[in-house]
There are 2 protein chains.
Amino acid sequence: MRRDSRLSRMLHVLIHMDRIDGAATSDQIAQMLGTNPVVVRRTMAGLRDDGYLHSEKGHGGGWVLTRPLSEITMLDIHRAIGNPAFFAVGVAVDHPECLVEQAVNSALGSAFEAAEKLLIEKFASVTLADLADEFDQRMAKIADKPTCELSR
Amino acid sequence: MRRDSRLSRMLHVLIHMDRIDGAATSDQIAQMLGTNPVVVRRTMAGLRDDGYLHSEKGHGGGWVLTRPLSEITMLDIHRAIGNPAFFAVGVAVDHPECLVEQAVNSALGSAFEAAEKLLIEKFASVTLADLADEFDQRMAKIADKPTCELSR
DNA sequence: CATCTCGCAACAACAAAAGTTTCGAATTCC
DNA sequence: GGAATTCGAAACTTTTGTTGTTGCGAGATG
């Protein structure tokens, strides 16, 4: 099963964007992510719709953050990219009326529910500012390491 | 992202198999799951290799449980079908050297690690006998409901 | 020896993310 | 006003992994 990397990528991009002046174009971001501008627009459209980004057309246009990182949580970004399912394992519904299937799915469901609750709590508790701080700490330890294109 | 339903299906099948006499053929199981015998053999091969099932060829052959349900946990079955990834969301590794990416992936990774730990603990703590008991309780409440093909 | 049944390999179908192409429309610069 | 920049959106292809299918072989039973 292919893993959805949008959340990871968006978090990465947003922290970089906070460190640069002016707008970042879809092209620049795409190069940074090793992808292409259309994919960037597609993914970031959700963040714009949810009010975390603003996009501007034309010369000097591109994407800009509209909120401080301290006001954006990892959960916010997950929601903004469309609340994709966390789990790759699902329950079968071949016989919804079958009591065995119901018992199995109830057990599986409650396990996944608890795990999802934990994930959501954790995601809601971490702001992008926290991640930026974590970056600064790593930076302090290993002084002159490169980051990536956008922040060079 | 397509959800992997093998775990759910195998749990379902094993509990039914415990309630019937003799062997269940791949064909019977396939009909019960709404799939086909080759898929059944493919999935159940792992359970056989791990010692939970035995398969026999020829007339009267098929699949039989080789252990009591009380000695099989949900985690055992997850392992037996190949330890498929629990999560549909992954981390991007576009710039392994980028400290921002490292900070992001560290936060994501620790969240998923904690959630996975919870899942594994839960799965390890529930035996198929527990699920069968749960089934019996449901059965007691709603008396004359059908189950599925195998147990009719 | 005919039939049943699993084992295995190869291939097709399908789903979802990711990548690509190609428009159009809005904005800025000259 | 015209050229260049940049996003927006639709349509399509590629990719990856599960699921489904077909076909043949081998062992077991009657």
Side-chain angles (χ1 to χ4, degrees), chain A residues 1-10 12-13 17 22-49 52-64 66 78 80-94, chain B residues 1-10 12-13 17 22-49 53-64 66 78 81-94:
Chain A
M1 190 156 289
R2 190 178 238 185
R3 307 282 265 283
D4 187 335
S5 64
R6 287 176 293 174
L7 176 56
S8 170
R9 284 180 157 182
M10 286 302 101
H12 185 181
V13 165
M17 285 179 66
T25 67
S26 302
D27 249 308
Q28 292 172 317
I29 296 170
Q31 277 181 22
M32 166 182 150
L33 292 178
T35 178
N36 73 74
V38 180
V39 174
V40 170
R41 288 189 197 108
R42 190 152 58 202
T43 311
M44 295 182 82
L47 309 211
R48 181 194 53 224
D49 295 345
Y52 304 113
L53 293 174
H54 174 72
S55 59
E56 196 72 51
K57 292 177 181 173
H59 272 287
W63 299 86
V64 288
T66 53
H78 181 256
I81 60 180
N83 251 320
F86 283 121
F87 299 106
V89 174
V91 302
V93 283
D94 304 314
Chain B
M1 189 154 290
R2 188 179 241 184
R3 307 282 264 283
D4 187 335
S5 64
R6 286 176 292 175
L7 176 58
S8 171
R9 285 180 158 182
M10 285 303 101
H12 185 180
V13 165
M17 286 180 64
T25 68
S26 302
D27 249 308
Q28 292 172 318
I29 296 169
Q31 277 183 21
M32 165 182 151
L33 292 179
T35 178
N36 73 74
V38 180
V39 174
V40 170
R41 287 187 199 111
R42 191 151 58 202
T43 311
M44 296 183 80
L47 308 211
R48 181 194 52 223
D49 295 344
L53 293 175
H54 173 72
S55 59
E56 195 74 51
K57 294 176 181 175
H59 273 287
W63 300 86
V64 288
T66 53
H78 181 257
I81 60 181
N83 252 319
F86 283 121
F87 299 105
V89 174
V91 301
V93 284
D94 303 314

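Chain A is the first sequence line, chain B the second, and so forth, proteins listed ahead of strands; every chain is numbered from 1.
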Checklist entry - Rounded to whole angstrom units, what separation is found between the CG atom of A:Leu53 and the P atom of D:dG8? => result 10 Å
Checklist entry - Do B:Ser5 side-chain atoms and A:Ala92 backbone N/O form a donor-acceptor pair below 3.5 Å? => result no
Identify each atom pair where a protein N or O and an N or O of nucleotides 27-30 of chain D are less than 3.5 Å apart, giving names and distance.
{"unit_1": "D:dG27", "atom_1": "N2", "unit_2": "B:Gly58", "atom_2": "N", "d": "3.0"}

Next on the checklist: My understanding is that only residues two or more places apart in sequence, or in another chain, count here; which of them pass side-chain hydrogen bond (donor to acceptor under 3.5 Å, both in side chains) with B:Asn36?
Outcome noted: none
Checklist entry - Starting at CD1 of A:Ile29 and ending at C1' of D:dT5, how long is that distance when rounded to a whole Å? => result 15 Å
Next on the checklist: With a 4.0 Å cutoff (strictly under), does any side-chain N or O of A:Ser5 reach OP1 or OP2 of C:dA17?
Outcome noted: no
Checklist entry - C:dC4 phosphate, OP1 or OP2: any side-chain N/O from B:Thr25 under 4.0 angstrom? => result no
Checklist entry - side-chain hydrogen bond (donor to acceptor under 3.5 Å, both in side chains) with A:Asp49: which residues, sequence neighbours excluded? => result none
Next on the checklist: Let's see if you get this right: which residues in residues 35-46 of chain B place a heavy atom under 4.0 Å from DNA chain D?
Outcome noted: B:Thr35, B:Asn36, B:Val38, B:Val39, B:Arg42
Checklist outcome for this item: Here the distance between atom C1' of D:dT6 and atom CZ of A:Arg48, to the nearest Å, is 13 Å
Next on the checklist: Can you measure B:Asp4 atom CG to C:dA16 atom P for me and round it to whole angstrom units?
Outcome noted: 14 Å
Item to check | Sequence-distant partners of B:His59, side-chain hydrogen bond (donor to acceptor under 3.5 Å, both in side chains), two or more places apart | outcome: none
Checklist entry - Is a side-chain donor or acceptor of A:Ser55 paired with a backbone partner of A:Gly62 at a separation under 3.5 angstrom? => result no
Checklist entry - Within this structure, what is the NE2-to-C1' distance between B:His54 and C:dT5, rounded to whole angstrom? => result 12 Å
Next on the checklist: Using OP1 and OP2 only, check whether a side-chain N or O of A:Ser26 sits under 4.0 Å from D:dT6.
Outcome noted: no
Contacts table for residues 41-48 of chain A: side-chain donor-acceptor under 3.5 angstrom, sequence neighbours left out:
{"unit_1": "A:Arg41", "atom_1": "NE", "unit_2": "A:Ser26", "atom_2": "OG", "d": "3.4"}
{"unit_1": "A:Thr43", "atom_1": "OG1", "unit_2": "A:Val39", "atom_2": "O", "d": "2.9"}

Item to check | Pairwise side-chain contact, B:Arg9 with A:Asp94, heavy-atom cut-off 4.5 Å (strictly under) | outcome: yes
Checklist entry - Between B:Arg3 and A:Val91, is there a donor-acceptor pair closer than 3.5 Å when you use the side chain of the first and the backbone of the second? => result no
